[in-house]
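Here the structure is laid out as C-alpha cells; the discussion comes afterwards.
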Amino acid sequence: MARDAKKLKPVKEFKPLITKSTELPLDPERLRFMHETMVKARCLEERLIAMYKSGHGYFWIGGPGEEAFNVPLGMLIKKGQGPAFDFCHFHYRQSATLLAMGEEPMGAIRQMKNTATDPYSGGRNFAGHFSKKEWNIVPVSSPIEVQYSMVAGTALAQKRHGGDGISIVTGGDAGTAEGDFATCLVWTSRPGEELPVLIIVTNNRWGISTPYEQVQGVEKISDRGVAFGMRTKTIDGNDPISAYLELKEAFEYVRTERKPYLVEARVSRLYGHSSASGANFNTVEADCLSQFEDKLDAHGIRTKAEAKALREKYAADYAELARVAKEEPFPDGSSIWNHVYAGEAPKDPLAD
Amino acid sequence: MARDAKKLKPVKEFKPLITKSTELPLDPERLRFMHETMVKARCLEERLIAMYKSGHGYFWIGGPGEEAFNVPLGMLIKKGQGPAFDFCHFHYRQSATLLAMGEEPMGAIRQMKNTATDPYSGGRNFAGHFSKKEWNIVPVSSPIEVQYSMVAGTALAQKRHGGDGISIVTGGDAGTAEGDFATCLVWTSRPGEELPVLIIVTNNRWGISTPYEQVQGVEKISDRGVAFGMRTKTIDGNDPISAYLELKEAFEYVRTERKPYLVEARVSRLYGHSSASGANFNTVEADCLSQFEDKLDAHGIRTKAEAKALREKYAADYAELARVAKEEPFPDGSSIWNHVYAGEAPKDPLAD
Amino acid sequence: MAQAIRMALHFAEKNLGVTDIFGEDVGPPLGGVFTCTQGLETAWNSPLDERGIIGAAMGLAMAGSRPVAEIQFCDYVYNTIDLLKLAGNTLWSSNGQWNLPMVVMTPVGSGIRGSIYHSHSFDATMTHIPGWKTVMPSTPLDAYGLMLSACKEQNPVMFLIPKALMRVKGDEAIPGEPGDDKQLSKMIDAPLGDRSKWKPQWPELVDASIPLGQAKVVRAGSQLTVVSYGRTMLLAKKAAETLAAEGIDAEVIDLRTLWPYDWPTLEASVKKTGRVLFLNEDTEVTNFGEHLARRVTEKLFYSLLAPPKVLAGKFVPGIGLADTLEAASVPQQHDVEQAMRALATMQP
Amino acid sequence: MAQAIRMALHFAEKNLGVTDIFGEDVGPPLGGVFTCTQGLETAWNSPLDERGIIGAAMGLAMAGSRPVAEIQFCDYVYNTIDLLKLAGNTLWSSNGQWNLPMVVMTPVGSGIRGSIYHSHSFDATMTHIPGWKTVMPSTPLDAYGLMLSACKEQNPVMFLIPKALMRVKGDEAIPGEPGDDKQLSKMIDAPLGDRSKWKPQWPELVDASIPLGQAKVVRAGSQLTVVSYGRTMLLAKKAAETLAAEGIDAEVIDLRTLWPYDWPTLEASVKKTGRVLFLNEDTEVTNFGEHLARRVTEKLFYSLLAPPKVLAGKFVPGIGLADTLEAASVPQQHDVEQAMRALATMQP
Ligand SMILES: Cc1ncc(C[n+]2csc(CCOP(=O)(O)OP(=O)(O)O)c2C)c(N)n1
Ligand SMILES: Cc1ncc(C[n+]2csc(CCOP(=O)(O)OP(=O)(O)O)c2C)c(N)n1
Ligand SMILES: [Mg+2]
Ligand SMILES: [Mg+2]
C-alpha cells in the first residue's frame, strides 16, 4: 500500500483546466505536453515502420493517426499496480497511451526487433503487444475483442476493493461484431452490480480491408450501450482537446459512480492496417497531429517551427534507440521453457 | 418446385381476420383452432412429464405456459422444404408451435421414451429436441443460443432465392447474454444486406434458477435491436389473440420487406425449468390457457365445459399414445455408427 | 463428491483466499445444478455466458482476486477454448509477468443418461492446452484434497468432475466430516422449499490437500497395469477384483492429475508389468490416453510384453440418450474386463 | 498454393455449385490475406465474427447453398469449437436428416514468423471432432484436387492450408494452368492499386479432383516410414533425400487427408519397414500423430523393429516471434533428419 500511494501521482501535474491566457479550453502547458507526446508517439511508430521496412522486425502494427485520442487517454489514467489503480485492457494501437503514461519508447523498439530485452514479451510477441504489470497494463493479445470479456473481472475486483480505480478497455470498430463486445455490455451492467469500466471503441471505419459500412448496420457504435442503460457517447477522436474533455467527463463518471460508460471515438488510420497492408502513409484521412499543430500555431502556443524541431528531435532520438536495439541479443531457443508455469523451473515435460 | 407449390397451403384455411359475429378481433373458427391446439400442447407436455415421473424417459424439458405465444407462431409459419418456405431455428420449448403447424404428437412421445421410432433423433436426443427436414425445422440442439448464429445462413439463402420465405429463431431471455444473440443482430442488419429473420426471444424472466433481474441490466430485450436499426417490439405472450396479431404484423414485415424484426414475448414458465427442477405446476405464474378459456367462455365461443371435455379427450388420447410408445424398441447399440457421414455405410473407423 | 467439493470450496473461501465462486446457477437459491456450491458465502450467479465466465475469472485473477468459475457442463465450454488457451499462455506471452491463479471446474462424462449434450468428456481437449494443470478425481477425498491444491495454485487449474460420481460416497472420509451421512446432509445440504433463511453448518475442516501431479496406486499388481481416472477408474478397480479371482493380477493407477501427470509412477509400473491399458471415456481419436500410450511406447518399448492398449469412447458425434446407445459408446464394466483379460494373455 | 486454391474455388463456383465464399476480408478488394479468394464471383466480406462465419456456413448448408467459409487464421477458430462440433453432429443428432455440405478453410502452422497468434496448428483439435473430414495438402496440385473434392462432399470438410507453403510453387502443374508463372500471375493475381475494374482471366480448368482419404507415397523406401502432412511434409521429403545419401532408405507418405485417413497405405508401409515416424508441428501432447502411433502400435506391434516415434511441436503455450524461439518450438530440417536417423539405426 505504501507503494500504491507513491504511484498515485499522475504523469505530470497540470494547472487548472481552463486558463485565461488562451481561448483554448485547456492550459498551454497541458497542450504542449499533449502535443509533444503526440509527436513522440508518431515518431515512435514511424521508427517501428522504418525498422520493419529495413528488415529489423517481421511485423508492424500500431496506432499512428490515433494520437489525438490515445494521448489524452493516457493522461487521465491513474497508473499503478493492483485494484486501487486503473486496469488497462488494450488492443494493439495503444503506444501513444503508454507514452502519455510515461513509458519509455525503448521497450516498443525492442519488441519490434524481438530481442531478449523486450520488456513486454521477451521477444515472443508482435510490436504493439504491451504488457506491464507494474502499471496494470494487462498483456495485449492478438485475438480481437477478448479483452472485452476479461475487463469485467478486473473491474469487479476494483468495485469490491473500493477507491476510484477503474478498468479501461479499448478495441476497434470491426471487432464489435464479436460476441465479446456484447459480453462486456452485459457483464458491466448487471442491476445493482454495475462495474466501473470505461468501454472504448476507436472507430476508424475499417477492419483490415473491410469498410465498416459494408458489414455493420449500427450508425453509432455507442448506441449499442443504450439498451443496457449505460451512459454512451460518440466523440471526435481527431481533436485532442475535445477528446481530453470528453474523456475527462467519462473518467470522472466511472470513477465516482462506479458504473460503465461506453465511448466511441472516431479516429484515422494513417498507415493502413499493418505492415501486411504496406504501412504507407494515407494522404486521404485526417492527420490529427498536423491539424493540432495548425491550431497550436494559430493560438500562439507552439509555432510550426517548434513543432518541426520536436519531430526532428524525436525522429533522431528513436533512430538512435533502434540502432542500440539492433545490437541486442535475441532470446535463446531454450528460453521457450521459461514461464510456462509460475513458480516452477523451466523444463521440457517430455524430456528424458 | 411442384412439391414446393403443393406445400404452400397453411395448416388450415381461415376466414378473414376480423368478423362481425364477435367483439374479439379474430374469427371464432380461428379462436377455436387456437384453443384446441393450446389444449393439445398442454396435454402433450403434461403427458411427457407424467412419462418422466413414472420412469418412462430420463429427462423432460418443454414449453407448457408458452402456448399462447407458440401456437399463433406455428399458425403463421409457411411450412415446407427448402428456401421458398420458412426455416425454423427453435429451442426446446416449441412443441406447441409444431402442433400448430400440424405435427402429430406421437413423435414427441417417442422422443421422450427414446425409442428407435423417435422421428426426430432416433432415440438419441432429449425430449423437445425436434428436427424435421420436410418442414425446414432444423435440429433443436441443447447448447443455448447457437441457433442465433446459424439463422443468418438460412435467411441469406432465402433472400437470394426470392419469394417470401423467412427464417425464424427462438430462444430464452437468459440466453441473450451469450454473444450469439449479438451475432444475430449484427449479421441480419448488414447495410443493404438485411436478412428476412424473425428474431424471437421468449422472456420468462428465468434462466433455470437465476432471475432475469439479477443478471441482466436490459429493461426490454427488444431494445437491443434498436441500435441496429431494426424493428423491435415487446409483446404479451400470454394472450394468444394479441400474440397472433402482433406476430402477424411482424411476419408480414419480414416477408415483404426482407428485413429483420426483433420480437420479445413475455411468457410464463408453468412447470419450472425442466425435470431437473421437479417439473411441478407453478401456481404463481399466469396460466395462459385457463385465462383464454375464461375469455372464450365469456364471449360464447367455447364453454368451459367444452374446454374441459377437450382437455380430457387429449389427455386420454396421449396417455394411449404413450402406452403404444412404451412397447416400441430402443435403438440397437450398433446403430451409433449410422449417420456419422452422409452417403456412407455405417462403420467403426478403427475396427480391425 | 458434490459435498466434498462444497466443503473444499468452503475451506478455500475461509482459508485460502478464494474470493469468487461463480457461474450459471452457482449462487443461491440453487447452489449449482449438482449442489456443489450450496451455502457458500462467495458464490454468485453469473449471466448465461460461458465466455463471460472465463473472461471474468481471468480478469479477477489479474486483479489479485482468487476465482473459482464453473462451467455448468463441460459440454458448454467449447466456445471458450480461445480464452482457455489465452489463460494458459498469458504468463508465457508476458515473459513471466502475469500469472493467473484461477480454477475452472466443470462436470464431465457420461453415466447420468445425459444424451448428446450432458455426456461430453473434456480431458482430450484440455490436455492439449499448454499452461494449465488439469485434475480429475475419482473419490470424494481426492476431490477435496485436489480442490484445495487447485485453490492454492499460482497457475490456472481445470478441475474436471466426473458427473457419474457426483453422488458416490467414498471409502475414506474427509477429515472433519461426521461419520453419519444423514447428519452431514442435515448440516450442509440446502433444504427443499424456501432457502432464503437457511445457513449451512460446516463441519470443522482441515487442510488435507493432495499435491497436484501425484498418481495413486489404487491396487498393486504384477501382470498388467491399468491407468485411468474419473468414472472409468471405478470400472478398472472392480475389473481388477474380478480378474484377480481368475488369477490375473492387475495394478490399477488413478492418475488424478492429468497434467502434469506422474510419469515416475507410470514408468515404474509398466517396467514391472510390461503390459498397460490406458482407460478413459473421451472419444478415442487424438485422445489423451494415446499420448500416454505413445510416451510409454517410445520410452519403454523394450520392456513391453504387449502393445499398450487404449480403451476409450467410440469416435461418434455424440452419446445417445437410449441406454443401448450410451452403453455402445463409452467403456462399460464388461468392456474393461475384456480388454484387461486380452491384454494380460496376449502373446506374439 | 494460394493460386491453386483460388483456381479450385473458381472451378467450384462455376461447376460444383459453390454459392458463397466468405469470411473476413475474403471479398474485394483484398480477396483474402493470402490472396486465396481474389477475383472470385461469389466471394464476400463478412463481419469480424468467427462464430457468425461458422454459423452462417451451417445455415447456408441447411438451406441448400454450398458455402466455403474462411477463418482468417486458425488461431482465431477456437471460439467456434462448439459450432464445429455441432456441425459435425447435426446429421447424427437428427438421425440422418440434416447433412451439412460445407467447407471451412483456414491457414495453419508456423513458418512465416507469425508469432503467438499466427502460428497455431489445428490438426490435433480438429481430428478430435467427429463428423468432419479434414484435409491438409502439401502441394498446389493436391490443394487444387482436394479442394474440388471438398466442394463436392455431402459432409463438412475442414481444409487446412499450411501457410508456410502459400507461396510455394509445386513440381506438378495444375491441368490448364499456363506453364509460365508470370503469365499466370498476370491472369489471376489482382493488380496493386485500384482493383475496382479488374477482372481475372481464368485459365481453362478441369476437374482434377483427388478423392478424400487417399495418402500419397511420395518416396518409396524400405528402411523406415515417415508419415507427415503440410509444412513438415517438405522437411520429410528433403530429409529422405539427405539420408539416402547416407545409405538410409526412407519411405515418405503424405497423408493429405487427416480424417478419414488412409490406413491401408500406412499399414502396408509399416509392415514393410517396421519403423515409423509420425511428423507434424502441432503441440505434442494429445496430438494426432499420437493417435496414428497408437493405432500402429496396437495393430502392428509384432511387426515393429523400433518404437513408433512422434516428432511434433514442443508443448509450449505459443510460438515466439524471434527466429530462435520458433526454431526451438517446431520441427526443423535438422530435427527431422536426426529423428529419422535415430529411428533407422535404433536397436534394442
Ligand atoms: C479473433 C480475431 N479474428 C481475426 C483477426 C485478424 N485481424 C486482426 S486485426 C483485424 C481487424 C480489426 O479491425 P478493428 O476491430 O476495426 O480494429 P482496427 O485494426 O481497425 O483498429 C482482423 C480481422 C484477429 N486478430 N482476431
Ligand atoms: C451454452 C449453454 N450453457 C448452459 C446451458 C445449460 N442451460 C440449459 S437451459 C439454461 C437456461 C436457459 O434460460 P433461457 O435462455 O432464459 O431459456 P428458458 O429455459 O428460460 O426458456 C441453461 C443455463 C446450455 N444448455 N447451454
Ligand atoms: Mg477499425
Ligand atoms: Mg428464461
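Reminder, nothing fancy here: chain letters follow the sequence lines and each chain counts from 1. All values reported here derive from a predicted model rather than from experimental measurement.
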**Message:** Heavy-atom pairs under 4.5 Å with chain C - which of A/Gln158, A/His129, A/Arg160 has more of them than the others?
**Reply:** A/Arg160

**Request:** Pick whichever of C/Gly131, C/Ala61, C/Pro130 has the most heavy-atom pairs under 4.5 Å with chain A.
**Result:** C/Gly131

**Prompt:** For the candidates A/Ala157, A/Gly165, A/Ala342, which exhibits the highest count of non-hydrogen atom pairs separated by less than 4.5 Å from chain C?
**Reply:** A/Ala342

**Asked** Mind checking whether C/His291 and A/Leu350 have side chains closer than 4.5 Å, heavy atoms only?
**Response** yes

**Asked** Can you tell me how far CH2 of C/Trp44 sits from CZ of A/Arg190, rounded to the nearest 0.5 angstrom?
**Response** 4.5 Å

**Prompt:** What are the two closest heavy atoms between C/Met62 and A/Pro139, and how far apart are they?
**Reply:** CE-CD, 4.1 Å

**Asked** Rounded to the nearest 0.5 Å, what separation is found between the OG atom of C/Ser65 and the NE2 atom of A/His161?
**Response** 9.5 Å

**Request:** Compare all side-chain heavy atoms of C/Arg51 with those of A/Val146 and state whether any distance is below 4.5 angstrom.
**Result:** yes

**Message:** Between A/Pro331 and chain C, with a heavy-atom cut-off of 4.5 Å, which part of the residue counts as in contact: side chain, backbone, both or neither?
**Reply:** neither

**Complete:** So, the part of C/Pro260 with a heavy atom under 4.5 Å from chain A: the answer is neither

**Asked** Do C/Trp98 and A/Ile137 pass the side-chain contact (heavy atoms from CB on, under 4.5 Å) test, and can you show the C-alpha distance, the side-chain angles, and the key distance before you say yes or no?
**Response** CA-CA 10 Å; C/Trp98 293 87; A/Ile137 296 171; 5.6 Å; no

**Item:** Flag if over 12 foreign heavy atoms under 6.0 Å of NZ, A/Lys326
**Value:** yes

**Message:** I'd like to know if the side chain of A/Arg124 and the backbone of C/Ser94 have a donor-acceptor N/O pair within less than 3.5 Å.
**Reply:** no

**Asked** Are the side chain of C/Trp92 and the backbone N or O of A/Ile336 linked by a donor-acceptor pair below 3.5 Å?
**Response** yes

**Item:** A/Tyr120 and C/Ser93, any side-chain heavy atoms less than 4.5 Å apart
**Value:** no

**Item:** Neighbour count above 12 (heavy atom, 6.0 Å) for C/Glu41 CD
**Value:** no

**Item:** Under 4.5 Å from a heavy atom of chain A, the part of C/Arg66 involved
**Value:** neither

**Request:** Would you check if C/Asp49 and A/Val186 make a side-chain contact, meaning some heavy-atom pair closer than 4.5 Å?
**Result:** no

**Message:** I'd like to verify something: which residue of A/Gly123, A/Pro349, A/Ser167 has the highest number of heavy-atom pairs under 4.5 Å with chain C?
**Reply:** A/Pro349

**Message:** Please determine whether a side-chain nitrogen of the Lys or Arg among C/Lys133 and A/Glu344 lies less than 4.0 Å from a carboxylate oxygen of the Asp or Glu.
**Reply:** yes

**Complete:** The interface call for C/Asn79 against chain A, heavy-atom contacts under 4.5 Å, is neither

**Prompt:** Out of curiosity, A/His339 NE2 to C/Thr90 OG1, how far, rounded to the nearest 0.5 Å?
**Reply:** 14.0 Å

**Item:** Top contributor to chain C interface from A/Val151, A/Asn136, A/Asn338, A/Val138 [non-hydrogen pairs under 4.5 Å]
**Value:** A/Val138

**Request:** Please state whether the side chain, the backbone, both or neither of C/Leu100 comes within less than 4.5 Å of a heavy atom of chain A.
**Result:** neither

**Item:** Proximal component of C/Trp132, with respect to chain A [non-hydrogen, under 4.5 Å]
**Value:** backbone

**Fill in**
Comparing A/Asn125, A/Val140, A/Leu156, A/Asp118 against chain C, the one with the most heavy-atom pairs below 4.5 Å turns out to be A/Leu156

**Prompt:** How about A/Met150 and C/Leu86: do any of their side-chain heavy atoms sit closer than 4.5 Å?
**Reply:** yes

**Prompt:** Atom CG of C/Asn95 and atom OG of A/Ser131: how far apart are they, to the nearest 0.5 Å?
**Reply:** 9.0 Å

**Complete:** Taken to the nearest 0.5 Å, the spacing of A/Tyr341 OH from C/Glu153 CD works out to 8.5 Å

**Spatial distance of atom CG (A/Asp180) from atom CG (C/Asp82) [nearest 0.5 Å]** = 7.0 Å

**Request:** Select, from C/Gly96, C/Ala56, C/Gly52, the one with the greatest count of heavy-atom pairs under 4.5 Å involving chain A.
**Result:** C/Gly52

